[in-house]
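Input: a single structure, listed below in structure tokens.
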Amino acid sequence: MNRGFKTEESIELILSPAMHYELLGSNNPDATLLNNKLSVPRIGSADDCSILLQVENGRFTHADIVSCLSKETKATVATKLEEVPVTAQQRVSIIVFVGVFSLLIFAGIKGIDYFVARDVDKNSGNKTNTELKSTVDETPPDLQGWTITRIYAKADNKIYQSIISKRIVLSTGKPSVRGKIILVPIKVSNDSDMPLTLSLSISASLSQDDIDFDKRRLNNRFLLPKDSVEVTFEAIVPKEIDRQAVGLEFFLETLEGETLKGVKVVKVLDQ
């Protein structure tokens, strides 16, 4: 089978000389057999040639195909049809299909964004376009030192607005290093009017299996209004001081199911 773009010429299969072969038939009238050498003058792109052989003096397997060469190519021997690759033309069609499908998805997302933005403009009341852009589109890159992705940074997200107004405060103290372990104090204060569920975690570039789980994570801590919680996380870091950094992540959720996630990188050198 020829799975390339161009015609393959002078194809020769050298079979094991230990057996006797006889050519019984082929869909290519130019196919010939001389002793243990089977020859086919040419096979067109995406075309194939079938040959029926009678084999004596042994059981013939794919291992008895010593070599298969064309004028410019070395062939690959497959034992099942599932192992045969698609043609070059089919590969191009798949790539084109994926590309067009991706463009359609991209266009659809852009269309949705356009209609959402138009609805925001209609429902903005006394807000100007500049005010909407600053509260919705231009996500502040740094909120109390945390980075919050655009999916959460919305004007109608109560947790997000509480962090901007400092009614919810997530502060990290100065980290310290003890041997190969970095210690990072974190304090979360809830001065909003919303009960919250808080989860915190720390991660680093090395394996943390030697650190107790409760020193690396705080899961589903309930914070009533006016409550606060303080923890000191630990993580194993490299000995090089310029690589002594950890990643912190928080996740907040209201009783109504509204959520917010933020991340921060803490480096010893920055303190």
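Each residue takes its place number in the sequence, starting with 1. Quick caveat, the model's predicted, so the values are computed rather than measured.
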Does the pair V229 and F222 meet the rule for a side chain to side chain contact (heavy atoms under 4.5 Å, CB included), with working shown?
CA-CA 10 Å; V229 60; F222 193 56; over 6 Å; no

Output, in order, the C-alpha distance, side-chain angles, deciding distance and verdict of side chain to side chain contact (heavy atoms under 4.5 Å, CB included) for T259 and K261.
CA-CA 7 Å; T259 59; K261 183 172 73 171; over 6 Å; no

Please test N27 against D48 for side chain to side chain contact (heavy atoms under 4.5 Å, CB included), starting from the C-alpha separation and ending with a verdict.
CA-CA 9 Å; N27 65 346; D48 61 76; 4.0 Å; yes

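L23 meets the side chain to side chain contact (heavy atoms under 4.5 Å, CB included) test with L33, I51, L53; sequence neighbours excluded. K6 pairs by the side chain to side chain donor-acceptor pair (under 3.5 Å) definition with E72, not counting sequence neighbours. For D156, the side chain to side chain contact (heavy atoms under 4.5 Å, CB included) criterion is met by K154, not counting sequence neighbours. With sequence neighbours excluded, the residues forming a side chain to side chain contact (heavy atoms under 4.5 Å, CB included) with L104 are V100, listed by chain and number. Among residues two or more places apart in sequence or in another chain, the side chain to side chain contact (heavy atoms under 4.5 Å, CB included) test is passed with R216 by I202, Q208, I211, F213. Applying the side chain to side chain donor-acceptor pair (under 3.5 Å) test to S165 and every residue at least two apart in sequence or in another chain returns R167.
A donor-acceptor distance shorter than 3.5 angstrom exists from the side chain of S45 to the backbone of G4, with no hydrogens or angles considered. Here the side chain of Q144 pairs a donor or acceptor atom with the backbone of I168 at under 3.5 angstrom.
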Please tabulate, for side-chain N and O atoms in residues 8-21, each donor-acceptor pair with protein atoms closer than 3.5 Å (sequence neighbours left out).
from : atom 1 : to  : atom 2 : distance (Å)
E8   : OE1    : S70 : OG     : 2.6
E8   : OE1    : T73 : OG1    : 3.3
E8   : OE2    : T73 : OG1    : 3.1
S16  : OG     : A18 : N      : 3.3
Y21  : OH     : S16 : N      : 3.3
Y21  : OH     : S16 : O      : 2.7

Exercise answer: donor-acceptor pairs, residues 182-191 side-chain atoms, under 3.5 Å, sequence neighbours excluded:
from : atom 1 : to   : atom 2 : distance (Å)
N190 : OD1    : S192 : N      : 3.2
N190 : OD1    : S192 : OG     : 2.6
N190 : ND2    : M194 : O      : 2.8
N190 : ND2    : L223 : O      : 3.3
N190 : ND2    : L224 : O      : 3.3

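Under the salt bridge (charged side-chain N to carboxylate O under 4.0 Å, His left out) criterion, no residue pair touches residues 21-30, with sequence neighbours excluded. Contacts classified as ring-ring contact (aromatic ring centres under 6.0 Å, His included) and involving residues 223-267 (residues at least two apart or in different chains) are given here: W146-F250. Residue pairs that meet the salt bridge (charged side-chain N to carboxylate O under 4.0 Å, His left out) test with at least one member in residues 228-243, sequence neighbours left out, are R178-E234, E240-R243. Annotation: ring-ring contact (aromatic ring centres under 6.0 Å, His included) contacts involving residues 184-206, sequence neighbours excluded, are absent.
If you chain together hydrophobic residues whose side chains sit under 4.5 Å apart, V55 and L38 fall into the same group. No continuous path of hydrophobic side-chain contacts links V246 to I236 [ILVMFWY only; heavy atoms under 4.5 Å]. Side-chain heavy atoms closer than 4.5 Å link hydrophobic residues (I, L, V, M, F, W, Y) into clusters, and following such links, even through other members, never connects L206 to V237. Grouping the Ile, Leu, Val, Met, Phe, Trp and Tyr side chains by contacts below 4.5 angstrom, directly or via other members, places V177 with V231.
For the atom pair SG of C68 and NZ of K74, the computed distance is 10.5 Å after rounding to the nearest 0.5 Å. In this structure, OG on S162 lies 9.5 Å from CG on L252, to the nearest 0.5 angstrom. Taken from CG in D227 to CG in L198, the straight-line distance is 11.0 Å, to the nearest 0.5 Å. For the atom pair CG of L143 and CD1 of I163, the computed distance is 7.0 Å after rounding to the nearest 0.5 Å. Note that CG of L200 is 5.5 Å distant from CG of L218, once rounded to the nearest 0.5 Å. Between the CD atom in Q244 and the CD1 atom in I181 there is a gap of 12.0 Å [rounded to 0.5 Å].
Side-chain atoms of K158 and T254 include no donor-acceptor pair closer than 3.5 Å.
Two residues are said to be in side-chain contact when any heavy atoms from C-beta on lie closer than 4.5 Å; L248 and L170 fail this criterion.
Within a 6.0 Å radius of CG in L69, other residues, nucleotides and ligands contribute more than 12 heavy atoms.
Closest heavy-atom contact between A245 and V265: CB-CG1, 4.4 Å. Across all non-hydrogen atoms, the minimal contact from P175 to K267 is CG-O, 4.5 Å. Residues A204 and A235 share a closest heavy-atom pair of CB-CB, 4.2 Å.
When the options N28, D47, N2, T7 are evaluated for a side chain to side chain contact (heavy atoms under 4.5 Å, CB included) with R42, the one that passes is T7.
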